Peer 1: 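Mind looking over this structure? Questions follow.
Chain identifiers are assigned alphabetically (A, B, ...) following the order of the sequence lines, protein sequences preceding nucleic acid strands; residue numbering begins at 1 within each chain. Only heavy atoms go into these numbers, but all of them, side chains included; no hydrogens, no water, no symmetry mates. What you see is a predicted model, and the numbers here were worked out from it, not measured in a lab.
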Amino acid sequence: MKQKLESLLQDAVTALQNQGILDADVSARIHIERVRDPLHGDFASNLAMLLAKPAKMNPRQLAEKIVALLAGDSAVSKVEIAGPGFINFFINPDSQFQIVKQIHDAGARFGLSRIGAGKRVQVEFVSANPTGPLHVGHGRGAAYGSAVADLLEAAGFEVEREYYVNDAGRQMDILATSVWLRYLEACGEVFTFPSNGYRGEYVRDISASLYQKAGELYRHAAEQVFAEIPADEPQGGDKEKHIDALIERAKQLLGTEQYNAVFQAGLDDILADIKDDLQDFGVSYQQWFSERSLMDDHSVQQALQRLDAAGFLYQQDGATWFASSRLGDEKDRVVVRDNGQTTYFASDIAYHMNKLDRGFDQIVNIWGADHHGYIPRVKAAMQALGADESKLKVLLVQFAVLYRGDEKVQMSTRSGEFVTLRQLRDEVGKDACRFFYVMRKSEQHMDFDLQLATSKSNENPVYYVQYAHARVCSVLRQFDEKGRQRNWQLGFEHLNLLVAEQETAILTTLSKYPEILERAAVYYEPHQLIHYLRELANQFHTYYNAHQFLVDDERLCNARLNLICAVKQVLVNALTLLKINTPETM
RNA sequence: GCGCUUGUAGCUCAGCUGGAUAGAGCAUCGGCCUUCUAAGCCGAGGGUCGCAGGUUCGAGUCCUGCCAAGCGUGCCA
């Protein structure tokens, strides 16, 4: 409908230009919007106000000229000029009814769009370090990222979901060392666990199964392990130096092969847990991309060579730097440390080069907001590599600040004090989790009160929407139980009986769904879909309370049932997209 | 210090990307179950859109400057 009105207006503008009233080079983006107040009709355009200045006419006068040139259309019952120069369109009620039939015919496909057809987009999200289970902060990224990916798919894009696995680097060495030390404890060795090691219970679990499988194969005496290791922080030393020395000792005592075995045991276990967790949360990926693979196939070296060839690398203080400040970054960044190891950033340059090489039309990265300072350097790297950095869109997700009642919950993966996504799902359920997470705009800071979220109270808005669906199902059951026969055709023929204000409101809201879906997709804003669902559910509940559906009049009854089936279909479509269940009874 | 994000009702948040009289939920108060599920509905109160300027027919929305909160500002990832 919007498109139809836009083309009508476009034709009128062209006619004005042909008449010489408007210069041919004047162009205004034709903007049609839904109106809030029904007195102003159904759609409005501000075109006349935008063109008033270039046309050197006052807006209302111009609006009259535009309206006079507007071709008639059966769907438009009336066009008015109002206010400072709005052109208001009133839609023919008969054409409003058609939406019920359209939804019925399209079924699960109702609302899908083709604006992304032929375009490939990659969405990378979560990508949490495999050093521990996902926590509630990752949960928001998971819910948001998968919703964005699913929305893009609904808009016709070919979507590839990817998880970047940071299976290289110092943090992973700390994990491997932590696993080994807990393993030594399981063997009976006694020592003080490093303050900077991973202290979570899951590390002990990994160590325990390692002990079961390998026996004492990796055992070394505690005295040997800790000999001449610099003191830990609680003993007045430096926790970083302490753990780094322990990593070196582990590599030295175990040898490459055994160290890698311990390392792999930790990685495999945690990655399997993460995959399992996400699966249960309704999140799936086409690709799990390993950081180490970029090193193994020399992609990192190649990327650095390309930067060097482009003249963006230089040596200083024993390290190799990327001159990112020449391309908008605050300062230059190290890509090869003075100890010869490449940095995480170097991997990321190679990773983004790899993404570009895969030929996506659009690359979407979803990061925690704490990584925002990282964007300029990645874009700088893409530019330095001669790539079109506008293909990269970075979406930031603010971390949820966790409260338990009034008390703020401090989280740190290493200390092991965190609420896991799995715990949250067990307590609140998947549906409420997903709904809650994408209810807010992603860049909005979010207070997550566990007491509230974990309470099974009706304060959780997901129940409100699901209940609307369950009520429709209940009505349909009652109808069947009365032994009555559904007559769809009769209902469609008498949709014009649906003239109650609640029915008109629902018809309008139903017709908005494709627009909402499209907008939510192109702006990466799944919360818009949530808000739409609440509006639709609200209108249904209001309708339910105001009118009886199962009336004796077969024509009215079938028309109403057809309408609420359309409501049900849209609820199902939207909730299914968000991976939220649609229970038939509650 | 600098950078990014945020600031809208008592609380949590929307606000169709510059449009017409700023909206929901929760909380508070008052109504509605002999009628398809009361996890619901109806009504009331509640606002200097952080503050001050600016841009224009029009600003919660854009620009500038302040104020406040969170994050970032590693040869960690």
Peer 1: For the aromatic rings, using the six-membered ring if either is Trp, is the centroid distance between A:Y513 and A:Y532 under 6.0 Å?
Peer 2: yes

Peer 1: If a pair means Watson-Crick or G-U wobble with both distances below 3.5 Å, what does RNA chain B look like in dot-bracket form, with | marking bases paired to a different strand?
Peer 2: (((((((..((((.....[...)))).(((((.......))))).....(((((..]....))))))))))))....

Peer 1: Where the side chain of A:E33 is concerned, which of B:G15, B:G19, B:C41 is the nearest nucleotide?
Peer 2: B:G19

Peer 1: Between B:C41, B:U17, B:C36, which one does the side chain of A:L550 approach most closely?
Peer 2: B:C36

Peer 1: From C-beta outward on A:K331, which listed nucleotide comes closest to its side chain: B:A20, B:G74, B:G15?
Peer 2: B:G74

Peer 1: Classify the nucleic acid contact of A:T320 as base, sugar-phosphate or nothing, counting any heavy atom under 4.0 Å across all strands shown.
Peer 2: nothing

Peer 1: Could you say whether the aromatic ring of A:F86 and the base of B:A20 stack, counting only centre distances under 5.5 Å and plane angles under 30°?
Peer 2: yes

Peer 1: When you compare B:U55 with B:G65, how far apart are their C1' atoms, in angstrom units rounded to a whole number?
Peer 2: 15 Å

Peer 1: Hey, which of A:N581, A:T582, A:L578 is the one that makes side chain to side chain contact (heavy atoms under 4.5 Å, CB included) with A:D431?
Peer 2: A:N581

Peer 1: How would you label the contact of A:Q398 with the nucleic acid (heavy atoms, under 4.0 Å): base, sugar-phosphate, or nothing?
Peer 2: sugar-phosphate

Peer 1: Quick one: is B:G15 close enough that its OP1 or OP2 comes under 4.0 Å of any side-chain N or O from A:K441?
Peer 2: yes

Peer 1: How far does the P atom of B:U56 sit from the matching atom of B:G23, given to the nearest Å?
Peer 2: 28 Å

Peer 1: Quick one: label A:R333 by what it contacts on the DNA or RNA (base, sugar-phosphate, nothing), any heavy atom closer than 4.0 Å.
Peer 2: nothing

Peer 1: Using whole Å, report how far CE of A:M49 lies from P of B:G18.
Peer 2: 14 Å

Peer 1: For the pair made of NE2 in A:H371 and C1' in B:C71, what is the distance, rounded to whole Å?
Peer 2: 12 Å

Peer 1: With the side chain of A:H531 defined as its heavy atoms from C-beta on, choose the nearest nucleotide among B:U73, B:C76, B:A14.
Peer 2: B:A14

Peer 1: Describe the nucleic acid contact of A:A468 in one word from base, sugar-phosphate, nothing, applying a heavy-atom distance below 4.0 Å.
Peer 2: nothing

Peer 1: Heavy atoms only, 4.0 Å cut-off, all strands: where does A:D370 land among base, sugar-phosphate and nothing?
Peer 2: sugar-phosphate

Peer 1: So what does A:Q548 hit on the nucleic acid, given a heavy-atom distance under 4.0 Å: a base, only sugar-phosphate, or nothing?
Peer 2: base

Peer 1: Is the shortest side-chain N/O distance from A:T131 to OP1 or OP2 of B:A77 below 4.0 Å?
Peer 2: no

Peer 1: In whole angstrom, give the distance that lies between atom CD1 of A:I506 and atom P of B:C41.
Peer 2: 12 Å

Peer 1: What is the nucleic acid contact for A:F345, judged by heavy atoms within less than 4.0 Å: base, sugar-phosphate only, or nothing?
Peer 2: nothing

Peer 1: Taking the C1' atom of each, how far is B:A9 from B:G50, in whole Å?
Peer 2: 15 Å

Peer 1: Counting the benzene-type ring for Trp, do A:Y163 and A:F289 have ring centres under 6.0 Å apart?
Peer 2: no

Peer 1: Determine yes or no for a side-chain-to-main-chain donor-acceptor pair under 3.5 angstrom, with A:Y344 supplying the side chain and A:R170 the backbone.
Peer 2: no

Peer 1: Round to a whole Å and report the spacing from CD of A:Q444 to P of B:C49.
Peer 2: 18 Å

Peer 1: Give a yes or no on whether a donor-acceptor pair under 3.5 Å exists between the nucleobase atoms of B:G3, that is its base, and the side chain of A:H372.
Peer 2: yes

